[in-house]
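Convention: sequence-line order gives letters A, B, ...; per-chain numbering from 1.
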There are 2 protein chains.
Amino acid sequence: MPDAIPAVRPERLGKDILAELPAYDLIELFFFAYRDFVSDPDRILGEYGFGRAHHRVLHFVNRQPGLTIAELLDILRITKQSLNRVLKELIEKDFIESRTGTADRRQRLLYATPQGSELALKLAKLQTRRIMRALSDMEPEGKEVISRYLLRLIDPDDRDHVERLVFGPEKT
Amino acid sequence: MPDAIPAVRPERLGKDILAELPAYDLIELFFFAYRDFVSDPDRILGEYGFGRAHHRVLHFVNRQPGLTIAELLDILRITKQSLNRVLKELIEKDFIESRTGTADRRQRLLYATPQGSELALKLAKLQTRRIMRALSDMEPEGKEVISRYLLRLIDPDDRDHVERLVFGPEKT
DNA sequence: GAGATATGTCAACAAGGCTGACATAAAATG
DNA sequence: CATTTTATGTCAGCCTTGTTGACATATCTC
């Protein structure tokens with residue numbers, strides 16, 4: 001089988017040249033795509049008196065029931081004061097519940113309430129629609145290529161952390 | 001040649017099911033990837049007393065010499081008041097030059113100064129490094145897959161506009 | 001019991017969005 | 001040519017979401 005012969009990877013040859021020419025196309029496409037991607041939930045969030053910061057918090061809490069404050073801070077990379085402002089509102093409006101930790105009673109374990117879970121799902125589906133629409137008409141391996149690429153855009157130090165977070169702990 | 005037989009596209013079969021399950025993986029990877037992607041230039045921008053808003057303005061002006069205010073507003077999707085705040089600073093610090101239009105003297109045509117062009121290039125190269133690093137070790141058609149996907153994430157109404165903007169007017 | 005850790009909170013500030021109102025110059029139009 | 005429309009600028013104030021610094025409390029660890 002010809003597959004046994006390793007293919008020559010062209011990126012080794014052109015790397016230096018390519019590194020000098022800015023990848024304007026991808027830079028700009030990434031900007032426009034993200035702009036539209038995050039704008040979808042805005043209208044709905046507005047109805048609840050929430051903003052994008054609330055969305056991010058609700059999303060990750062819903063995805064990881066029992067998330068602690070420290071873990072959430074690590075994901076969002078904001079200060080605890082910034083987090084607390086939006087988190088407080090989400091708790092007051094009964095979208096997130098904060099329980100005292102059992103093993104470590106200093107910790108606060110965060111859970112989405114039924115109402116919070118519902119909103120999180122609604123917003124996720126909205127974004128999923130755009131994601132899947134863009135994926136349709138692509139090769140079957142398209143999704144795998146995209147997610148591998150996005151993962152490799154992340155800082156190498158964080159990559160493992162994000163991978164566990166997104167795909168689950170897998171083999172522990 | 002077997003290629004003449006059109007392949008059955010699996011997305012037609014699974015579409016309804018997939019549409020119901022949120023694509024949490026891509027949603028989250030997109031969030032983390034963009035977070036790191038825009039953070040690269042931050043340190044350099046800080047040295048000049050600029051922020052991300054300045055970066056976006058400088059980038060597009062540098063890419064499209066002679067860009068008008070209206071076109072820039074259309075790209076950035078912000079109000080003219082917001083734009084003017086950062087644009088004024090970029091002009092005062094001599095990174096962007098504003099010339100009165102020739103055909104239409106009401107317009108302001110924006111140009112990056114040599115200093116502005118240099119900064120824009122520096123920032124673009126920084127982001128290009130990340131983009132290309134993530135692209136290395138990928139299939140040769142990887143870049144094409146990515147850019148096609150990002151383009152399809154954009155609102156359909158804007159897609160042609162963005163395409164012209166990113167890849168040039170092509171056949172006019 | 002002492003120190004470290006997880007969280008909460010107050011106060012002030014900055015960046016970068018927004019709205020509304022109004023001004024000016026130049027083009028377009030009847 | 002008078003009127004209206006368009007492109008831009010500007011003032012004033014507000015909101016969201018980020019920041020720093022300081023300090024408080026409860027709980028865990030040693």
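- Ring pair B/Phe95/B/Tyr48 is perpendicular by interplanar angle, where above 60° counts as perpendicular and below 30° as parallel.
- B/Phe30 has its side chain within reach of B/Leu153: a pair of non-hydrogen atoms, C-beta onward, lies under 4.5 Å apart.
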Would you please test B/Asp36 and A/Arg159 for salt bridge (Lys or Arg N to Asp or Glu O under 4.0 Å) and show each step? CA-CA 11 Å; B/Asp36 289 352; A/Arg159 218 172 280 163; over 6 Å; no

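- Near DNA chain D, defined here as any heavy-atom distance below 4.0 Å, the residues from residues 45-64 of chain A are A/Gly51, A/Arg52, A/Ala53, A/His54, A/Arg56, listed numerically.
- Salt bridge status for B/Glu89 with B/Lys93: absent, with no side-chain N to carboxylate O gap under 4.0 Å.
- Of the residues in residues 77-99 of chain B, those with a non-hydrogen atom less than 4.0 angstrom from any atom of DNA chain C are B/Arg77, B/Ile78, B/Thr79, B/Gln81, B/Ser82, B/Arg85.
- Atoms CG and CG, on A/Leu109 and A/Asp104 in that order, are 9.0 Å from each other to the nearest 0.5 Å.
- In this structure, the side chains of B/Val166 and B/Leu151 stay at 4.5 Å or more apart for every pair of heavy atoms.
- Summarising the geometry, the separation between CG on B/Leu73 and P on C/dT19 is reported as 13 Å, rounded to the nearest angstrom.
- Note that A/Arg99 lies in the cation-pi zone of A/Tyr111, set by a 6.0 Å cut-off to the ring centre and a 45° limit from the axis.
- Counting 5' to 3', DNA chain D first comes under 4.0 angstrom of a heavy atom of chain B and last does so at the ends given by D/dT6 to D/dC11.
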Between protein and nucleotides 25-30 of chain C, map the contacts as a letter string: B base, S sugar-phosphate only, - none, heavy atoms under 4.0 Å, written 5' to 3'. -BS---

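- Scanning for ring-ring contact (aromatic ring centres under 6.0 Å, His included) contacts around B/Tyr149 gives an empty result, with sequence neighbours left out.
- Note that the two end axes of the helix from C/dG1-D/dC30 to C/dG30-D/dC1 enclose an angle of 30°, each drawn from 5 base pairs, rounded to 10 degrees.
- The shortest heavy-atom contact between B/His161 and B/Ile75 is CE1-CG1, 4.5 Å.
- Other residues, nucleotides and ligands contribute only 12 or fewer heavy atoms inside 6.0 Å of the CD atom of A/Glu118.
- Summarising the local packing, CZ of A/Arg105 is surrounded by 12 or fewer heavy atoms from other residues, nucleotides or ligands at distances under 6.0 Å.
- A distance of 6.0 Å or more separates the ring centres of B/Tyr24 and A/Phe60.
- Contact check for A/His59 versus A/Leu123: no side-chain heavy atoms found under the 4.5 Å cut-off.
- Although no hydrogens or angles enter the test, the distance criterion places no donor-acceptor pair under 3.5 Å between the side chain of A/Thr113 and the main chain of A/Glu97.
- Considering CZ of B/Arg52 and OG of B/Ser39, their distance stands at 6.5 Å, rounded to 0.5 Å.
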